[in-house]
Amino acid sequence: MQQPFFKRVTLAVLLTVFSSTAAMGQGKEDSDLLKELAERVQLHGYAQGGFNYTHKAGEDTPTFELKRVLFWANAQITDRWSFLFMHDFSSVVQEFYTDYRFTRNKALTVRLGQFKNGLSLENPLSPTAMEAIDVYSEGVTYLTGCGSDPLLGVQYGRDLGLAIFGETNDGKLRYELEVMNGQGINKKDGNKEKDFIARLEYRPTKGLNLVATGQLGRGHAIANSLYNPEIHEGDNYKRNRWTVGFDYKSADFNIHGEYLEGKDGSATSRGAYVTGAVPVGKGVELVGSYDFFNFNTSLGMDQHKAIAGVQYWFYKKCRVQLQYVYKSAYTQAGQFVHGANHAIMAQMQIRLDYAKKK
């Protein structure tokens, strides 16, 4: 059954690349082939950009920013086998993986490639669904490899590896098990050890999701870190994490929160956050968040963050956002400084999704 399909796909690609005019001129068989191919491919994309005004250490910094311009395609090769490719035009290739579902239902699927790791409630979520303009909480950003941990570097919460996942009990219970390099995107592993990540979700009632995640592994430091001076560039070190959180959605409000803790070598980091949105009019929501994270409990590197703002959804997944952000600490010249800094952020988000209806 699959061999004729792959022949048709190959023919369609050749026709598209070398002679679109000729392809249009073919008969009904080729027309049906192209129609079948179009029905199997979904296209998605979004862009986020805006203006930030920050006041830190007595200095003001106003700047326009283009944060993300992502495009991805999802090809449904068979009813059980699919492939995804994602590229961020403002940075690098983000994801490329293939999924194969072994069961008739959603109980067991295997994923191989580069994808978001399952650690924390927030990391697997798209920035287009997050309330905060600076996206994830401080703890999630630091512990999942989204960019604030110098030992791991900017990995956008993604890694290379293998995952098995599935749903049971009519979707109330979801599990995920991953074995990953632990080095980040587009990179070989820096040591012989792999990172193991587990994720468990339970939906006891409509709108409520309870999430617990954990990670056991060993990191390979790509740089020195002011948060963890005992670990140096090139060192292999223990890197463990665990989190528990909740997410609740209703017509009246949305709220999610999480407790996170990490262990890098002998240093412990921990924190918690709660973030929510309340509709106040058609397409208009008030947004608020409180976030606490201590990057190294032994060195007293604690930071409080508060966000208040408003957002307007003007078309499906498209919105404009305006937020004020307060932080009680910041880094400057390689030092961790306890001191207030402020930011006013404005952002526009455009997202489009295309899937040909069968």
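- By the 4.5 Å heavy-atom criterion applied to side chains, Thr268 and Arg270 are counted as neighbours.
- When only modelled atom types and interatomic distance are considered, His220 and Asn191 share no side-chain donor-acceptor pair under 3.5 Å.
- For the pair Gln303/Phe293, no side-chain contact is recorded, criterion being any heavy-atom separation below 4.5 Å from C-beta on.
- Shown here are the ring pair (Phe, Tyr, Trp, His ring centres under 6.0 Å) partners of Phe102, two or more places apart in sequence or in another chain: Tyr100.
- The CG atom of Asn209 lies 12.5 Å from the NZ atom of Lys172; values are rounded to the nearest 0.5 Å.
- Between Phe292 and His304, the ring-plane angle classifies as tilted under the 30° and 60° cut-offs.
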Pair Arg174-Glu176, salt bridge (Lys or Arg N to Asp or Glu O under 4.0 Å): steps then yes or no: CA-CA 7 Å; Arg174 185 182 186 278; Glu176 187 168 348; 3.1 Å; yes

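- In terms of heavy atoms, Ile197 sits closest to Asn117 at CD1-CB, 3.7 Å.
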Residues Glu95, Arg158; criterion salt bridge (Lys or Arg N to Asp or Glu O under 4.0 Å); working and verdict: CA-CA 8 Å; Glu95 298 184 12; Arg158 294 171 168 89; 2.7 Å; yes

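- Within the 4.5 Å cutoff, the side chain of Met301 has heavy atoms near those of the Asn294 side chain.
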Verdict with supporting geometry, Val310 and Val287, side chain to side chain contact (heavy atoms under 4.5 Å, CB included): CA-CA 6 Å; Val310 61; Val287 173; over 6 Å; no

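- Partners of His55 under the ring pair (Phe, Tyr, Trp, His ring centres under 6.0 Å) rule, at least two apart in sequence or in another chain, do not exist in this structure.
- No more than 12 heavy atoms of other residues, nucleotides or ligands lie within 6.0 Å of CG in Asp170, so this atom counts as exposed by the packing criterion.
- Between the CZ atom in Phe246 and the OH atom in Tyr259 there is a gap of 15.5 Å [rounded to 0.5 Å].
- Taking all atoms of both residues into account, the shortest heavy-atom contact from Ala340 to Tyr326 is CB-CE1, 3.6 Å.
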Side chain to side chain contact (heavy atoms under 4.5 Å, CB included) between Arg351 and Ser126, intermediate numbers included: CA-CA 11 Å; Arg351 174 166 173 169; Ser126 168; 4.0 Å; yes

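- Atom CD of Glu65 is surrounded by more than 12 heavy atoms from other residues, nucleotides or ligands within 6.0 Å.
- One finds the CG atom of Asp235 at 10.0 Å from the CG atom of Asn228 (value rounded to the nearest 0.5 Å).
- Between Gln349 and the choices Gln321, Arg68, Gln48, the side chain to side chain donor-acceptor pair (under 3.5 Å) rule is met once, by Gln48.
- Listed by chain and residue number, Lys194 satisfy the salt bridge (charged side-chain N to carboxylate O under 4.0 Å, His left out) test with Asp189 (two or more places apart in sequence, or in another chain).
- In the model, Glu258 has no side-chain atom that pairs as donor or acceptor with a side-chain atom of Ser120 under 3.5 Å.
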Validation: residues 144-152 side-chain donor-acceptor distances under 3.5 Å, sequence neighbours left out:
from, atom 1, to, atom 2, distance (Å)
Thr144, OG1, Val140, O, 2.6
Ser148, OG, Tyr142, N, 3.3
Asp149, OD1, Leu151, N, 3.1

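- Remark: Asp195 pairs with Arg239 by the salt bridge (charged side-chain N to carboxylate O under 4.0 Å, His left out) rule, at least two apart or across chains.
- Formation of a donor-acceptor pair under 3.5 Å by the Thr98 side chain with backbone atoms of Leu112 is not found in this model.
- Taken from CD in Gln335 to NE2 in His338, the straight-line distance is 12.5 Å, to the nearest 0.5 Å.
- Here Lys106 pairs with nothing under the side-chain hydrogen bond (donor to acceptor under 3.5 Å, both in side chains) rule; sequence neighbours left out.
- Contact of the Ser269 side chain with the Lys263 side chain is not registered, since no non-hydrogen atoms from C-beta on lie closer than 4.5 Å.
- Considering only residues two or more places apart in sequence or on other chains, Lys238 meets the salt bridge (charged side-chain N to carboxylate O under 4.0 Å, His left out) condition with none of them.
- No side-chain N or O of Gln42 forms a donor-acceptor pair with one of Asn74 less than 3.5 Å apart.
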Residues Leu108, Ile164; criterion side chain to side chain contact (heavy atoms under 4.5 Å, CB included); working and verdict: CA-CA 7 Å; Leu108 177 61; Ile164 60 172; 4.3 Å; yes

CA sep, side-chain torsions, deciding dist, call: His256, Tyr273, ring pair (Phe, Tyr, Trp, His ring centres under 6.0 Å): CA-CA 8 Å; His256 70 276; Tyr273 67 89; 5.7 Å; yes

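- The six-membered or imidazole ring of Phe85 lies away from that of Phe96, with a centre-to-centre distance of 6.0 Å or more.
- Here the NZ atom belonging to Lys67 is positioned 13.0 Å from the CG atom belonging to Asp88, to the nearest 0.5 angstrom.
- Side-chain atoms of Asn186 and Gln114 form a donor-acceptor pair, as typed in the model, at a separation below 3.5 Å.
- For Tyr248, the ring pair (Phe, Tyr, Trp, His ring centres under 6.0 Å) partners at least two apart in sequence or on another chain are Phe253.
- Residue pairs meeting the salt bridge (charged side-chain N to carboxylate O under 4.0 Å, His left out) criterion with at least one partner in residues 335-348, sequence neighbours excluded, do not occur; the list is empty.
- Each ring-ring contact (aromatic ring centres under 6.0 Å, His included) pair with one or both residues in residues 160-213, not counting sequence neighbours, would appear here, but there are none.
- Here the side chains of Phe89 and His87 are in contact, with some heavy-atom distance below 4.5 Å.
- Here the side chain of Arg241 pairs a donor or acceptor atom with the backbone of Leu143 at under 3.5 angstrom.
- Between the side chains of Thr213 and Thr243, a donor-acceptor pair is found at a separation under 3.5 Å.
- Among residues two or more places apart in sequence or in another chain, the salt bridge (charged side-chain N to carboxylate O under 4.0 Å, His left out) test is passed with Arg203 by Glu201.
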Working for side-chain hydrogen bond (donor to acceptor under 3.5 Å, both in side chains), residues Gln311 and Arg319: CA-CA 7 Å; Gln311 60 186 14; Arg319 61 182 170 178; 3.0 Å; yes

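- Here Asp264 contributes atom CG and Tyr237 contributes atom OH; the two are 5.5 Å apart, rounded to the nearest 0.5 Å.
- Counting heavy atoms from C-beta outward, Thr63 and Tyr53 have side chains that stay 4.5 Å or more apart.
- Glu138 places a side-chain heavy atom less than 4.5 Å from the side chain of Lys327.
- Taking the side chain as every heavy atom from C-beta outward, Tyr136 and Pro127 approach each other to under 4.5 Å.
- Pairs engaging residues 111-136 under the salt bridge (charged side-chain N to carboxylate O under 4.0 Å, His left out) rule: Asp99-Arg111, Asp134-Lys305 [sequence neighbours left out].
- Under the 3.5 Å distance criterion, with hydrogens and angles disregarded, a donor-acceptor pair is assigned to the side chains of Asn105 and Thr103.
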